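This chain uses plain numbering: 1 for the first residue, then up along the sequence. Both backbone and side-chain heavy atoms feed into the values below; hydrogens, waters and symmetry mates do not. Keep in mind it's a predicted model, so treat the numbers as computed, not measured.
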Amino acid sequence: LKQAEQGKVKSYVQDIALTNNTKRTEVSESNPRANNIYGHILRWSPKGGNHADSGFKWDIFLLAGNPLKYPNDLRKGTSNINVENMFNSPDGLKFDKFGRLWIQTDGKYSNKGDYEGMGNNQMLCANPITGEVRRFLTGPIACEITGIAFNEDYTTMFVGIQHPGENLANSHYPNGGNSTPRSTIVQIRKKDGGVIGS
C-alpha cells in the first residue's frame, strides 16, 4: 500500500476492533448487524486532537464479511471487502509510523458454512485514507495471528503465530514432518531490503 503519512492521517486517529458478537440481537449505528459473526472496526478522533476532550467523531472503517457467500446483504461487508481480501474477526490492530493499519485476525478458519472461502487466520494491511485493504500473510492451520513489531527502520517485521494445530487440527507447523506444532515468532524482510508494506 502507498504510504499514508503525507499529512492526511493525524496521529490522534484511533481504531478499535470489535472482533465478533454472535449473541447480538439488536442493531445500532455503531453495530449495524445482528448476530455479528464477522466483526468490524470503528475509528474515532477526539475533538481538536485533544485526548482530554470529551467530544469526538467516529465512523465505521470496515465491516468484515463474506461477499463470496453473501453478496447481497450486510454480511458481505463494506465496499472495501472483496473475495481477495475477505476475513472475519479482526482482533489485533497496529498503526505503523507511515500511517498504515495492520489488522490481525482471530476467528473461524473452518472454510465451511458462513466462513466458506475465508481461509485461515491472517494479517492484512489497510490504508486509512482510501480504505484499501490487502492481505499480507495467511497463517498455518488452526492458529491465531497475534503480535506485531518492527525494527527501527521498518525493514524487518516480527509477527506471532499462536497455537497452530489448535483443538488437535492436523498441523506440523513450523518444522513439518511428524513434528508437534508450536507457536513461533516469524521474521519478515523484503528481498530488496526495503520498508515492509511499501
Side-chain angles (χ1 to χ4, degrees), residues 1-5 8-22 30-33 36-45 58-68 74-111 114-115 117-150 154 156-164 183-188 190 195-198:
L1 293 178
K2 292 182 179 177
Q3 295 181 10
E5 73 179 346
K8 295 181 181 177
V9 176
K10 304 295 185 184
S11 62
Y12 53 81
V13 172
Q14 304 291 314
D15 282 36
I16 184 170
L18 303 172
T19 305
N20 58 56
N21 189 342
T22 58
S30 59
N31 293 283
R33 294 183 294 203
N36 184 7
I37 63 172
Y38 298 126
H40 62 290
I41 298 175
L42 297 178
R43 65 180 166 189
W44 73 92
S45 57
W58 67 272
D59 68 346
I60 294 175
F61 179 65
L62 65 77
L63 292 174
N66 192 335
L68 178 69
L74 267 183
R75 291 174 292 180
K76 70 181 178 183
T78 41
S79 61
N80 52 353
I81 303 302
N82 57 61
V83 295
E84 294 182 1
N85 70 4
M86 62 182 180
F87 64 94
N88 69 85
S89 303
D91 194 46
L93 301 178
K94 181 179 178 66
F95 281 103
D96 67 22
K97 73 176 183 178
F98 304 103
R100 289 181 284 259
L101 176 63
W102 297 89
I103 304 165
Q104 299 176 319
T105 70
D106 178 19
K108 300 289 186 183
Y109 42 76
S110 68
N111 286 299
D114 292 325
Y115 305 98
M118 293 191 124
N120 294 340
N121 278 309
Q122 56 195 276
M123 186 165 79
L124 306 104
C125 187
N127 183 322
I129 297 169
T130 66
E132 180 185 11
V133 180
R134 291 188 187 177
R135 184 177 294 119
F136 181 78
L137 66 79
T138 302
I141 189 169
C143 83
E144 172 187 353
I145 305 297
T146 182
I148 179 174
F150 296 89
Y154 278 73
T156 305
M157 171 191 278
F158 303 93
V159 178
I161 307 297
Q162 186 177 5
H163 60 67
S183 298
T184 61
I185 301 295
V186 177
Q187 176 181 308
I188 301 168
K190 290 179 71 172
V195 170
I196 301 293
S198 62

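Closest approach of Ser110 and Tyr115 over heavy atoms only: OG-CB, 3.9 Å. Across Ile81 and Gly65, no two heavy atoms sit closer than the pair CG2-O, 3.9 Å. Arg100 approaches Ile196 most closely through the heavy-atom pair NH2-O, 3.3 Å. Residues Ser30 and Ile60 share a closest heavy-atom pair of O-CD1, 4.4 Å. Minimum interatomic distance between Cys143 and Pro140 (heavy atoms only, all atoms of both residues): SG-O, 3.3 Å.
With sequence neighbours excluded, the residues that form a side chain to side chain contact (heavy atoms under 4.5 Å, CB included) with Thr156 are Asn151, Phe158, Gln187, Arg189. Residues meeting the side chain to side chain donor-acceptor pair (under 3.5 Å) test with Ser183, sequence neighbours left out: none. With sequence neighbours left out, Asp114 forms a side chain to side chain donor-acceptor pair (under 3.5 Å) with Tyr70. Under the side chain to side chain donor-acceptor pair (under 3.5 Å) criterion, Lys190 pairs with Ser198, sequence neighbours left out. Judged as a side chain to side chain contact (heavy atoms under 4.5 Å, CB included), and not counting sequence neighbours, Ser79 has no contacts. With sequence neighbours left out, the salt bridge (Lys or Arg N to Asp or Glu O under 4.0 Å) criterion links Arg33 to no other residue. Under the side chain to side chain contact (heavy atoms under 4.5 Å, CB included) criterion, Asn31 pairs with Leu18, Arg24, Ser28, His40, sequence neighbours left out. For Thr130, the side chain to side chain contact (heavy atoms under 4.5 Å, CB included) partners two or more places apart in sequence, or in a different chain, are Asn127, Glu132.
From Asn36, atom CG reaches atom CG of Asn21 across 7.0 Å, with rounding to the nearest 0.5 Å. To the nearest 0.5 Å, the span separating OG1 on Thr138 from CD on Gln122 amounts to 5.0 Å. Here the CD1 atom belonging to Ile103 is positioned 13.5 Å from the CZ atom belonging to Arg134, to the nearest 0.5 angstrom. Here Gln162 contributes atom CD and Gln104 contributes atom CD; the two are 10.5 Å apart, rounded to the nearest 0.5 Å. Here CG of Asp96 is found 5.0 Å from CZ of Phe150. Values are rounded to the nearest 0.5 Å.
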Counting only pairs under 3.5 Å, give me each side-chain donor-acceptor contact of residues 83-93, with atom names and distances, residues two or more places apart or in other chains.
{"unit_1": "Asn85", "atom_1": "OD1", "unit_2": "Asn82", "atom_2": "N", "d": "2.7"}
{"unit_1": "Asn85", "atom_1": "ND2", "unit_2": "Asn80", "atom_2": "O", "d": "3.0"}
{"unit_1": "Asn85", "atom_1": "ND2", "unit_2": "Val133", "atom_2": "O", "d": "2.8"}
{"unit_1": "Asn88", "atom_1": "OD1", "unit_2": "Lys108", "atom_2": "N", "d": "3.0"}
{"unit_1": "Asn88", "atom_1": "ND2", "unit_2": "Lys108", "atom_2": "O", "d": "3.1"}
{"unit_1": "Ser89", "atom_1": "OG", "unit_2": "Asn20", "atom_2": "ND2", "d": "2.9"}
{"unit_1": "Asp91", "atom_1": "OD1", "unit_2": "Thr19", "atom_2": "OG1", "d": "3.1"}

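A heavy-atom distance below 4.5 Å is found between the side chains of Phe136 and Ile188. Residues Leu63 and Pro32 form a side-chain contact, since some pair of their non-hydrogen atoms from C-beta on lies under 4.5 Å apart. The shortest side-chain heavy-atom distance between Phe61 and Leu101 falls under the 4.5 Å cut-off. Met123 is listed as a side-chain neighbour of Ile148, based on a closest heavy-atom distance under 4.5 Å. Looking at heavy atoms from C-beta onward, Thr146 lies out of side-chain contact with Asp106 at the 4.5 angstrom threshold. You'll find the side chain of Asp59 reaches within 4.5 Å of the side chain of Arg43, heavy atoms only.
A donor-acceptor pair is defined here as one N or O able to donate and one able to accept, closer than 3.5 Å; no such pair exists between the side chain of Asn121 and the backbone of Ile145. Side-chain atoms of Asn111 come within 3.5 Å of backbone N or O of Met118 as a donor-acceptor pair. In this structure a side-chain-to-backbone donor-acceptor pair under 3.5 Å is present from Asn120 to Gly139.
The aromatic ring centres of Phe95 and Trp102 sit 6.0 Å or more apart.
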